[in-house]
Amino acid sequence: MHPTEESQQAIWQVIAAIPESRVATYGQIAAMAGQAGKSRWVGQLLSRLPRETRLPWHRVVNASGRITNPNFDLQQARLIAEGIEPRGGRVLLKDHQWRP
DNA sequence: CCTATGACCATAG
DNA sequence: CCTATGGCCATAG
């Protein structure tokens, strides 16, 4: 099955809605976009974002709170700029995960 | 159609 | 904490 245009927008929309100083997991985003189980696809879409995108891609971490983005330094710097303190490349979901 | 490759995840050891 | 395993979805060759 190939993804539809709306399914992509739904993912982007959820990511765009992540509040500042909060993070969301790949799986969480997929579920909130009505596509539970497609966490892998979320990562794929993020990897294709244009460099100048305004989407807060830096607020996305894995289920363990780990920063898995290839551009680790930039993501960590952006999180710190928002007041989040990653420890050993990891964000404490207990304190910073977005829970609408 | 098949295999390989990911910014994934849950579970088990 | 770590690695291994099986499952997941989409894309590229």
Side-chain angles (χ1 to χ4, degrees):
Chain A
M1 281 326 212
H2 61 82
T4 66
E5 189 60 37
E6 308 83 61
S7 64
Q8 289 188 56
Q9 295 185 13
I11 300 285
W12 288 329
Q13 205 168 332
V14 171
I15 296 174
I18 306 174
E20 189 177 326
S21 300
R22 304 256 97 192
V23 298
T25 69
Y26 295 87
Q28 174 186 355
I29 292 168
M32 288 179 70
Q35 302 170 55
K38 300 195 180 184
S39 57
R40 244 180 149 151
W41 191 40
V42 172
Q44 195 170 52
L45 288 180
L46 285 174
S47 71
R48 297 178 180 178
L49 289 176
R51 215 173 64 72
E52 64 280 8
T53 182
R54 297 215 300 130
L55 278 185
W57 52 266
H58 59 286
R59 299 184 187 136
V60 183
V61 295
N62 72 12
S64 302
R66 262 247 174 65
I67 295 174
T68 48
N69 182 327
N71 198 335
F72 183 95
D73 295 325
L74 178 57
Q75 177 164 10
Q76 179 163 252
R78 287 195 175 190
L79 288 176
I80 292 176
E82 296 188 352
I84 295 177
E85 296 290 328
R87 299 291 169 174
R90 152 184 249 166
V91 173
L92 291 184
L93 297 180
K94 183 179 186 305
D95 300 329
H96 307 102
Q97 181 171 27
W98 177 33
R99 298 194 187 75

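Residue numbering restarts at 1 for every chain, and letters A, B, ... go by the order of the sequence lines.
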| Which dot-bracket string fits DNA chain C when only Watson-Crick or G-U wobble pairs with both atom distances under 3.5 Å count, crossing pairs get [ ], and | stands for a partner on a different strand? | .||||||.|||||
| Roughly how far, to the nearest 0.5 Å, is CZ of A:R51 from CG of A:N71? | 9.5 Å
| field | Closest non-hydrogen atom pair between A:Q75 and A:N69, with its separation | value | OE1-CB, 2.8 Å
| field | Nearest non-hydrogen partners of A:R22 and A:Q97, listed with the distance | value | NH1-O, 3.0 Å
| Value in whole Å for how far the P atom of B:dA7 lies from CH2 of A:W12 | 17 Å
| Any sub-3.5 Å donor-acceptor pair from A:T53's side-chain atoms to A:P50's backbone N or O? | no
| field | Apart from A:I80 itself, residues in the same hydrophobic cluster as defined by side-chain heavy atoms under 4.5 Å | value | none
| request: Would you give the length of the straight line joining atom CD of A:Q8 to atom CZ of A:R48, rounded to the nearest 0.5 angstrom? | output: 8.0 Å
| Considering all heavy atoms, the nearest A:S21-A:E82 contact | OG-O, 2.6 Å
| Other than A:I11, what residues sit in its cluster of Ile, Leu, Val, Met, Phe, Trp and Tyr side chains whose heavy atoms are under 4.5 Å apart, directly or through others? | A:W12, A:V14, A:I15, A:I18, A:Y26, A:I29, A:M32, A:W41, A:V42, A:L45, A:L46, A:L49, A:L55, A:W57, A:V60, A:L74, A:W98
| Nearest-Å distance once atom C1' is located in both C:dG13 and B:dA7 | 22 Å
| task | Grab the CD1-P distance between A:I11 and B:dA7 for me, whole Å please. | result | 16 Å
| query | For A:R40 and B:dA10, is the shortest distance between a side-chain N/O and OP1 or OP2 below 4.0 Å? | reply | no
| note | Contacts of A:S7 meeting side-chain hydrogen bond (donor to acceptor under 3.5 Å, both in side chains) (sequence neighbours excluded), chain-then-number -> A:T4
| field | For atom CG of A:L45 and atom C1' of B:dA7, their distance in whole Å | value | 11 Å
| query | Between A:A16 and A:P56, what is the shortest heavy-atom contact and its length? | reply | CA-CD, 3.9 Å
| Looking at residues 66-80 of chain A, who's got a heavy atom less than 4.0 Å off DNA chain B? | A:T68, A:N69, A:P70
| field | Spacing between A:I29 atom CD1 and C:dC8 atom P, to the nearest angstrom | value | 21 Å
Kindly give the atom pairs (protein nitrogen or oxygen, nucleotide nitrogen or oxygen) under 3.5 Å for nucleotides 10-13 of chain C.
from: C:dA10; atom 1: OP1; to: A:K38; atom 2: NZ; distance (Å): 2.9
from: C:dT11; atom 1: O3'; to: A:R48; atom 2: NH2; distance (Å): 3.4

| Side chain proximity check, A:Q76 to A:H58, heavy atoms < 4.5 angstrom | no
